[in-house]
Asks: 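A single structure is presented below for examination.
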Amino acid sequence: MYQKYTLASPPSRRRFHPQIPMRQMETGRGVSAIIGAINFQRISSMAEHVSVTQISKYVGQEVTLKGWVYNRTDKGKLSFLLVRDGTGFIQCVAFKGDLSPELFEQISHLPQESSVIITGSVREDKRAPGIPGGYEVGIKDLQVVQTAELDYPMSLKDHGVDFALDNRHLWIRMQSQWAILRVRATVMAATREWLDTNGFTAMDTPILTPAAAEGTTTLFETEYFDEGKAYLAQTGQLYNEANIFAFGKVYCFGPTFRAEKSKTRRHLTEFWMLEPEIAFCDLDGLMEVEEQMITHIVQRVLRDREPELKFLGRDLSKLENIKAPFPRISYDDAAKMLQDLYEKETDPEKKELLKFDWGIDFGAPHETAITQQFDKPVFVYGYPSAVKAFYMEPWPGRPEVCKSVDLLAPEGYGEICGGSERMSSHENLLARIHKEGLPEDAFKWYLDLRKYGSVPHSGFGMGTERVTAWMCGIEHVREAIAFPRTIKRVYP
RNA sequence: UCCUGACUAGCUCAAUCGGCAGAGCGAGCGGCUGUUAACCGCUAGGUUCUAGGUUCAAGUCCUAGGUCAGGAGCCA
């Protein structure tokens with residue numbers, strides 16, 4: 001089952017347009033010309049231009065809003081416009097008695113998505129819908145910049161996934177999608193803010209890379225002049241390991257590409273990954289960094305995006321709780337926990353999904369089962385080396401296990417961060433590269449890092465869309481990025 | 001790549017055993033001073049994914065193909 005998208009749209013009527021010369025209206029083919037006309041002339045006698053986010057500061061004052069008609073409801077001598085300006089949604093009310101007959105007629109026939117400049121007085125009114133809502137503007141004047149065409153496709157009520165995504169360029173105007181993408185922006189800003197104020201240097205790592213960094217995943221390939229093939233980066237980590245020996249603590253934050261044919265609600269082929277890397281840092285130190293940073297992100301989203309989260313119906317109490325420290329369990333303990341859960345499960349279908357043997361990686365049902373035992377994100381550390389990347393430091397005294405750690409978000413959101421302490425010995429790394437059958441030449445520079453002042457160091461990757469989806473309580477990561485790229489979609 | 005399912009009006013969906021193609025929303029026109037996806041009346045809107053087949057008769061049954069979704073695997 002999949003959640004339907006609820007979208008609002010107004011009744012839309014248009015009988016005449018006073019700002020278009022009659023001569024143009026009368027020509028047969030003139031309709032599209034009329035609709036397409038843009039009027040940006042009459043911007044005089046306007047009050048101060050304010051944004052919807054700031055509207056509470058202007059109660060009792062006359063202001064000007066610039067935005068788009070998101071919805072319209074007519075009620076006799078009243079016309080309610082729900083106007084969005086990019087920063088929020090606010091109700092604007094036209095009362096026939098306050099306006100010229102021509103202007104009221106025009107307002108009460110404005111099509112959805114028409115661009116407008118509105119002047120009016122701000123008042124508090126609990127009935128007024130919007131984000132944040134509770135305020136409305138009594139219209140004194142309204143200028144139509146463009147009367148939108150009548151066939152705006154993102155209509156009211158439910159839309160299927162395919163239709164919504166085909167119209168993603170318009171869908172992002174809708175309240176739910178707008179709210180999600182605002183949260184995303186705040187997640188990203190909070191991430192950078194925490195890192196920048198905690199001694200990290202922002203480094204950009206290459207997007208075009210010579211070969212598979214981890215030697216496992218499928219990569220997007222492209223021609224590279226006379227040098228043969230280049231590949232779109234799946235991680236900046238190896239470069240960041242070089243960067244820390246120059247800058248100590250670094251991070252990269254950019255697009256990442258995975259050509260695997262993953263087809264789930266947690267995967268995109270192009271997503272934005274944050275990757276911090278830290279010198280003189282072991283696995284315990286890494287977990288501290290992760291929990292501090294995640295705590296900061298969650299608390300700042302709560303502070304700055306409460307109206308958006310409330311609109312999305314997010315249970316804020318589930319997020320208010322997210323504060324360091326987070327519980328830490330070993331892979332061994334997680335395996336025991338899964339065994340107990342397996343034995344307790346009575347539903348045969350669910351029982352089958354929980355089946356687990358030491359040595360395998362967690363599947364989605366396993367992650368979900370583990371995180372359901374906690375009301376905070378949980379660290380699972382010490383995975384079997386066989387299921388993790390070649391560069392991870394072996395656990396002292398237990399070579400079959402490595403110093404890796406995944407951070408699993410609650411409520412079934414699963415892995416949001418994956419990291420490890422990196423192998424710091426030249427000898428061990430070289431041996432592992434040989435064992436994996438990786439080309440030693442390609443890793444010469446990476447091996448050099450272990451020769452000239454090697455230190456214990458650690459780092460992790462965080463999936464922006466997964467964190468955003470968790471913050472918003474939405475089902476699928478494709479809504480947590482403006483233009484998602486999935487196995488079946490590169491349009492729009 | 002594998003498993004499962006869906007495809008009918010612009011959108012979301014109905015259509016009983018194989019028997020006249022339907023509704024809500026959206027669009028157009030009209031009504032209403034507090035609407036929240038308003039409500040009420042009227043109007044327009046269809047190559048039922050494609051190609052074959054069975055049948056007096058196919059949206060419905062059969063075959064092949066297409067598109068999309070959910071899940072698995074892989075990963076952040």
Side-chain angles (χ1 to χ4, degrees), chain A residues 1-15 70-82 89 91 93-98 108-109 111-112 125-130 133 136 138 149-167 174-175 214 216-218 234-235 237 256-275 352-353 360-365 367 387-389 406-409 413-419 460-470 475-478 480 486-489:
Chain A
M1 71 115 229
Y2 191 79
Q3 175 197 337
K4 295 283 170 53
Y5 301 108
T6 299
L7 310 164
S9 98
S12 184
R13 306 169 195 178
R14 188 182 60 89
R15 212 165 50 166
Y70 180 68
N71 198 355
R72 200 192 73 240
T73 305
D74 297 317
K75 185 80 176 63
K77 291 175 182 151
L78 285 171
S79 190
F80 298 97
L81 305 182
L82 188 55
F89 293 71
Q91 175 160 280
V93 186
F95 175 50
K96 197 168 186 174
D98 291 344
S108 61
H109 288 84
Q112 179 184 14
D125 193 317
K126 281 181 199 147
R127 296 169 296 185
E136 65 180 23
E149 297 200 24
L150 295 170
D151 56 353
Y152 187 69
M154 296 305 285
S155 66
L156 191 70
K157 291 199 176 182
D158 302 336
H159 289 284
V161 180
D162 198 33
F163 179 85
L165 285 171
D166 276 343
N167 291 282
M174 298 305 170
Q175 289 178 112
E214 300 183 9
T216 51
T217 33
T218 324
Q234 58 165 347
T235 173
Q237 180 206 317
T256 303
F257 306 90
R258 301 280 162 93
E260 293 130 349
K261 295 190 171 179
S262 297
K263 196 173 172 317
T264 81
R265 68 185 69 186
R266 298 177 307 282
H267 288 90
L268 297 167
T269 50
E270 177 182 313
F271 67 99
W272 283 64
M273 184 159 66
L274 166 78
E275 293 181 282
E352 183 60 29
L353 287 171
I360 67 167
D361 204 354
F362 298 132
E367 283 186 358
V387 300
K388 290 291 179 185
D406 284 355
L407 182 61
L408 310 180
Y413 283 92
E415 184 180 351
I416 50 172
C417 298
F460 68 95
M462 180 191 85
T464 307
E465 291 77 16
R466 287 188 183 177
V467 172
T468 303
W470 167 45
E475 199 172 335
H476 204 300
V477 291
R478 67 184 159 216
T486 63
I487 177 173
K488 288 291 180 186
R489 181 168 293 280

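Order of the sequence lines fixes the chain letters, A, B, ..., with proteins taken first and strands second; residue numbering starts at 1 for each chain.
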Asks: Quickly work out the A:D406 CG to B:C75 C1' distance and round it to whole Å.
Replies: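 The answer, rounded to whole Å, is 10 Å.
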Asks: With rounding to the closest Å, how many angstrom separate the C1' atoms on B:G46 and B:G5?
Replies: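 Taking atom C1' in both B:G46 and B:G5, they lie 25 Å apart.
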Asks: Could you tell me how far B:G24 sits from B:A38 if I compare only their P atoms? Round to whole Å.
Replies: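 Pairwise P distance, B:A38 against B:G24, rounds to 16 Å.
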Asks: Can you tell me the base-pairing partner of B:G5? Count Watson-Crick or G-U wobble geometry only, both distances below 3.5 Å, and say none if there is no partner.
Replies: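 Paired with B:G5, as far as the under-3.5 Å criterion goes, is B:C68.
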Asks: Taking only side-chain N and O atoms of A:N71, does any of them lie within less than 4.0 angstrom of OP1 or OP2 on B:A38?
Replies: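 Yes, because at least one side-chain N or O of A:N71 sits under 4.0 Å from OP1 or OP2 of B:A38.
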Asks: How close or far is atom P of B:G26 from atom CE of A:M174, stated in whole angstroms?
Replies: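 A:M174 atom CE is separated from B:G26 atom P by 13 Å.
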Asks: Using atom C1' of each nucleotide, how far apart are B:G19 and B:C7 to the nearest Å?
Replies: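 After rounding to an integer number of Å, I get 24 Å for this pair.
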Asks: Using a 4.0 Å heavy-atom cut-off across all strands, classify A:L78 as base, sugar-phosphate, or nothing.
Replies: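 If one applies the 4.0 Å heavy-atom cut-off, A:L78 turns out to touch a base.
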Asks: Check if the side chain of A:R466 and the base of B:C75 share a donor-acceptor pair of N or O atoms closer than 3.5 Å.
Replies: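 Per atom types, the contact qualifies.
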Asks: Using the P atom on both, measure B:A23 against B:G45 and round to a whole Å.
Replies: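 About 13 Å, rounded to a whole number of Å.
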Asks: Set out, line by line, the N/O atom pairs under 3.5 Å between protein and nucleotides 21-24 of chain B.
Replies:
unit_1, atom_1, unit_2, atom_2, d
B:G24, O2', A:K157, NZ, 3.3

Asks: Counting Watson-Crick and G-U wobble pairs only, both distances under 3.5 Å, name the nucleotide matched with B:C25, or none.
Replies: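 Because both required distances fall under 3.5 Å, B:C25 counts as paired with B:G10.
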Asks: Hey, does the side chain of A:R466 reach the backbone of A:V477 with a donor-acceptor pair shorter than 3.5 angstrom?
Replies: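 No.
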Asks: Quick one: does any side-chain atom of A:E367 pair with a main-chain N or O of A:L408 as donor and acceptor, under 3.5 Å?
Replies: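 Pair absent, no side-chain N/O of A:E367 close to backbone of A:L408.
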Asks: When you measure from the side chain of A:R478 to the backbone N and O of A:L268, does any donor-acceptor pair fall under 3.5 Å?
Replies: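 Looks like no, no N/O pair under 3.5 Å.
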Asks: From the options B:G70, B:A27, B:C68, select the nucleotide whose nearest atom is closest to the side chain of A:R478.
Replies: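 Of B:G70, B:A27, B:C68, B:G70 is nearest to the side chain of A:R478.
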Asks: With distance as the sole test, does A:T468 use its side chain to make a donor-acceptor pair with the main-chain N or O of A:A480 at under 3.5 Å?
Replies: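 No, the answer is negative, given that no donor and acceptor are paired below the 3.5 Å cut-off.
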Asks: Using modelled atom types only, decide if a donor and an acceptor are shared between the side chain of A:Y152 and the backbone of A:P111 within a distance under 3.5 Å.
Replies: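 Between the backbone of A:P111 and the side chain of A:Y152 there is no qualifying donor-acceptor contact (under 3.5 Å).
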Asks: In whole angstrom, what separates A:L407's CG from B:A76's C1'?
Replies: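 For the pair A:L407 CG and B:A76 C1', the rounded distance is 11 Å.
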Asks: Do any N or O atoms of the protein come closer than 3.5 Å to N or O atoms of nucleotides 71-73 of chain B, and which pairs are they?
Replies:
unit_1, atom_1, unit_2, atom_2, d
B:G71, OP1, A:R265, NE, 2.2
B:G71, OP1, A:R265, NH2, 2.2
B:G73, O6, A:K263, N, 2.9
B:G73, N1, A:K261, O, 3.1
B:G73, N2, A:K261, O, 3.4

Asks: Whole angstroms only, please: what is the CG-P distance between A:D74 and B:U36?
Replies: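 Whole-Å distance recorded here is 12 Å.
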Asks: Would you say a side-chain N or O of A:T73 is under 4.0 Å from OP1 or OP2 of B:A38?
Replies: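 For B:A38, OP1/OP2 do have a side-chain N/O of A:T73 under 4.0 Å.
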Asks: For B:C68, does either OP1 or OP2 sit under 4.0 Å from a side-chain N or O belonging to A:K488?
Replies: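 Result: yes.
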Asks: So do the side chains of A:Q112 and A:L82 get within less than 4.5 Å of each other, counting heavy atoms only?
Replies: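 Contact flag for A:Q112/A:L82 side chains = no.
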Asks: What distance, rounded to whole Å, do you find between the two C1' atoms, one in B:G70 and one in B:A64?
Replies: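 Between the two C1' atoms, the distance is 24 Å.
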Asks: Quick check on RNA chain B: between A:G97 and A:I487, whose nearest nucleotide comes earlier from the 5' end?
Replies: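 The residue mapped nearer the 5' terminus is A:I487.
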Asks: For the side chain of A:Q91 and the base of B:U35, is some donor closer than 3.5 Å to an acceptor across the two?
Replies: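 When only heavy-atom distances are counted, A:Q91 does reach the base of B:U35 through a donor-acceptor pair under 3.5 Å.
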Asks: What nucleic acid atoms does A:M462 come within less than 4.0 Å of, heavy atoms only: base, sugar-phosphate, or nothing?
Replies: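 The residue A:M462 makes no contact with any strand.
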Asks: What's the gap between B:C20 and B:A15 when it is taken at their C1' atoms, as a whole Å value?
Replies: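 Approximately 12 Å lies between the C1' atom of B:C20 and that of B:A15.
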Asks: Mind checking A:E136 for me? I need base, sugar-phosphate or nothing, with any heavy atom below 4.0 Å counting as a touch.
Replies: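 Base: the residue A:E136, judged by heavy atoms under 4.0 Å, touches a nucleobase.
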Asks: Does some side-chain heavy atom of A:R258 sit less than 4.5 Å from a side-chain heavy atom of A:F271?
Replies: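 Side-chain contact under 4.5 Å: yes.
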Asks: In whole angstroms, how far is the P atom of B:C39 from the CZ atom of A:F80?
Replies: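 About 15 Å, once rounded to whole Å.
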Asks: Starting at the 5' end of RNA chain B, which residue's closest nucleotide do you reach first, A:L268 or A:T486?
Replies: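 Its nearest nucleotide lies further toward 5', so the answer is A:T486.
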Asks: May I have the distance from A:F163 (atom CZ) to B:A9 (atom C1'), rounded to whole angstrom?
Replies: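 Computing the A:F163:CZ to B:A9:C1' distance gives 13 Å.
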Asks: Would you find a donor on one side and an acceptor on the other, under 3.5 Å apart, between the side chain of A:Q237 and the backbone of A:F460?
Replies: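 It does not hold such a pair.
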Asks: How far, in whole Å, is B:U48 from B:U35 if one measures between their P atoms?
Replies: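 Here B:U35 and B:U48 have their P atoms 43 Å from each other.
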Asks: How long is the line joining CG of A:L408 and C1' of B:C75, in whole Å?
Replies: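 After rounding, the reported distance stands at 13 Å.
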Asks: How far, in whole Å, is B:U4 from B:C11 if one measures between their P atoms?
Replies: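 One P to the other, the span is 29 Å.
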